[in-house]
Number of protein chains: 2
Amino acid sequence: MSEKFIQSVDRAIDILELFSLAQQELSVKEISDRLQLSKSTVHGLIKTLEHRGYLEQKPTDQKYKLGLRLFELGNLVGSGMELRNLAYPIIQELVAKLQETVHLVVLDKDEVVYVEKVEGPAALRMYSMLGKRAPMYCTGVGKALFAYLDEATVDRILQEAEMTAFTPFTLTDPDAIKQELGKIREQGYAIDDEEIEIGLKCVAAPIFNHEGKVIASISCAGPKHRFSDDKMATFIHEVKQAALAVSRRFGYRG
Amino acid sequence: MSEKFIQSVDRAIDILELFSLAQQELSVKEISDRLQLSKSTVHGLIKTLEHRGYLEQKPTDQKYKLGLRLFELGNLVGSGMELRNLAYPIIQELVAKLQETVHLVVLDKDEVVYVEKVEGPAALRMYSMLGKRAPMYCTGVGKALFAYLDEATVDRILQEAEMTAFTPFTLTDPDAIKQELGKIREQGYAIDDEEIEIGLKCVAAPIFNHEGKVIASISCAGPKHRFSDDKMATFIHEVKQAALAVSRRFGYRG
DNA sequence: AATGGCGTTCGATAATATCGAACGAACAGG
DNA sequence: CCTGTTCGTTCGATATTATCGAACGCCATT
């Protein structure tokens, strides 16, 4: 007895999480079908969420979409992140130097989450979205973080994650990945060369806290042709320096 | 009988909304005290929210803070906003031209909500935060929007809103405000000259949709001394042009 | 050791979320 | 102009489920 969690809250969250960029509006019927709940149950939950601004009903077709209150709360979380605030000026400087887009990610539930992005000036840009999640094993930022986790965690994640070969260059063999992580630790940076998307290259480096624990990573990413060999040396150096600068702000002594 | 809304969902939302930039972490006790609920009730709700990633418990002191999932959902809302996507390139261009920070707001529940911000290069910046709310009557963006609402709505808002004089220049008299709104309609733009904060000046213009209904507004804002008379003409012209360009993307024929 | 404060767990109870059925509006097709 | 369907919404009975107070165990302080 006593289900651990509050059913109606769980269901309300289920409703919110049905929405996505590809599915920006849903009807009561669609929601009740997908969650296998009665229309009236869903209706009650929806009306509560709507009343609080977490859902909005479009007047035209009565469908529902996510409400502005989520935007407000989400930005509150973003603004409150110490990491973002400490890293932001350093990231801006890095973009100014490299003229390429820089990302900041944190680890959450065995994935990376993009928490900051500053775009470079070039018209051809990497598509990314704050709040987006990506796997550890095939992104620059992911690997830079991954390489500095303790071995038990690495093994667990490698075992649990289902590895997809997004491109012919994606590493999906656990042993190959572990070897790659060793190389990253030696070098102090990670490279993603078309491992998640053809044409996309990036250089990433880890960020540590005062205990020397990895907590985040940054990367500079762009189209492969702008990452020529002679530029790479600069990119690597600057990204490493920037990551170190952020780490220092966290009290890291390296 | 049949309370209109689902109690536990409402309470879960109450919990989330207790958090703010000033209050980034709360204990179970603090939450149960503030909401006047038993610790066990609050605990159940919290654990549900935590399990779903909407709250996180800090290992150090067991207090709770907002979770990354809110960041994700909030950014999903932001990315899904048609207005933002249509307006973004125009806003970027405007910032490049004027070298001042540009904001985009929408109307929600009789207030304006900041949904986009692109900062100018100057070191001295206006503080603002995406998702933040501000009153209609004393901000440039607010007045630009306000001026084009139907009169009944204007009257209702003027009656319901409690007007605070943030500075000696804030208009708080309903009649004075209505007169100002008329002037704005004549000119097609609004100016906020230290009405919400001393030293802060801004120029704002409304954005309309295909029906000619006002749906948003943009502004260019900065420290008063950078808004000299000779620059103002340019600022006004460019902000109006940019707002019109966004309106056109919405099918507005003006 | 003893105390107080806290997060957490437990179980009984009553409140409350849930479901199915039914209503009314909007729409499509004959 | 009806008829049938679909969907959002409302309602009331029912039993599930959220709620509360009490108690536990942990930690820090005295």
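Reckoned from all heavy atoms, side chains included, excluding hydrogens, waters and symmetry mates. So you know, we letter chains A, B, ... as the sequences are listed, proteins then strands, and number each from 1.
- What separates CG of B/Asp10 from C1' of C/dA17 is a distance of 13 Å, to the nearest Å.
- The side-chain contact (heavy atoms from CB on, under 4.5 Å) test with B/Tyr64 singles out one residue from B/Leu26, B/Leu18, B/Ile46, and that residue is B/Ile46.
- When distances are taken from the side chain of A/Tyr64 to each of D/dT9, C/dT8, D/dT17, the shortest belongs to D/dT9.
- At a non-hydrogen distance threshold of 4.0 Å, nothing from residues 51-61 of chain A comes into contact with DNA chain C.
- The separation between B/Lys47 atom NZ and C/dG7 atom C1' is 8 Å, rounded to whole Å.
- A salt bridge links A/Arg133 with A/Asp108: the distance from a Lys NZ or Arg NE/NH1/NH2 to an Asp or Glu carboxylate oxygen falls below 4.0 Å.
- Residue A/Ile15 contributes atom CD1, which lies 13 Å from atom P of D/dG8 at whole-angstrom precision.
- Put simply, CG on A/Leu45 is 15 Å from P on D/dG8, counting in whole angstrom units.
- Salt bridge B/Glu119/B/Lys117: present, at least one basic N to carboxylate O contact under 4.0 Å.
- A sub-4.0 Å separation between OP1 or OP2 of D/dT19 and a side-chain N or O of B/Arg11 is present.
- In this structure, B/Ile6 atom CD1 and D/dT19 atom P are separated by 11 Å, rounded to whole Å.
- Nearest nucleotide to the side chain of B/Ser8, out of D/dT9, C/dA17, C/dT18: C/dA17.
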Polar pairs (N or O, both sides) under 3.5 Å between protein and nucleotides 21-26 of chain D?
residue, atom, partner, partner atom, Å
D/dG21, O6, B/Ser40, OG, 2.7

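- For the side-chain contact (heavy atoms from CB on, under 4.5 Å) test with A/Leu49, the passing option among A/Ile13, A/Leu70, A/Leu55 is A/Leu55; the others fail.
- A/Lys63 and A/Gln24 are not linked by any side-chain donor-acceptor pair at a separation below 3.5 angstrom, with hydrogens and angles left out of the test.
- Once rounded to the nearest 0.5 Å, the distance linking CD1 of B/Ile157 with NZ of B/Lys109 reads 13.5 Å.
- Residues in residues 5-14 of chain B take part in these salt bridge (Lys or Arg N to Asp or Glu O under 4.0 Å) pairs, two or more places apart or across chains: A/Arg52-B/Asp10, A/Arg52-B/Asp14.
- Rounded to an integer number of Å, the gap from A/Gln36 CD to C/dC19 C1' is 15 Å.
- One can place CD of A/Gln7 at 16 Å from P of C/dT16, the figure rounded to the nearest angstrom.
- As a whole-Å value, the separation of B/Lys4 NZ from D/dC11 C1' is 15 Å.
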Open item on the list: Assess the residue pair A/Arg156 and A/Asp110 against the criterion (salt bridge (Lys or Arg N to Asp or Glu O under 4.0 Å)); give the C-alpha distance rounded to whole Å, side-chain angles, the decisive distance to 0.1 Å, and a yes or no.
Closed with: CA-CA 10 Å; A/Arg156 181 181 57 74; A/Asp110 301 348; 2.9 Å; yes
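- Using a 4.5 Å heavy-atom threshold, the side chains of B/Met136 and B/Leu107 count as touching.
- Taking only side-chain nitrogens and oxygens, A/His43 never comes nearer than 4.0 Å to OP1 or OP2 of D/dG8.
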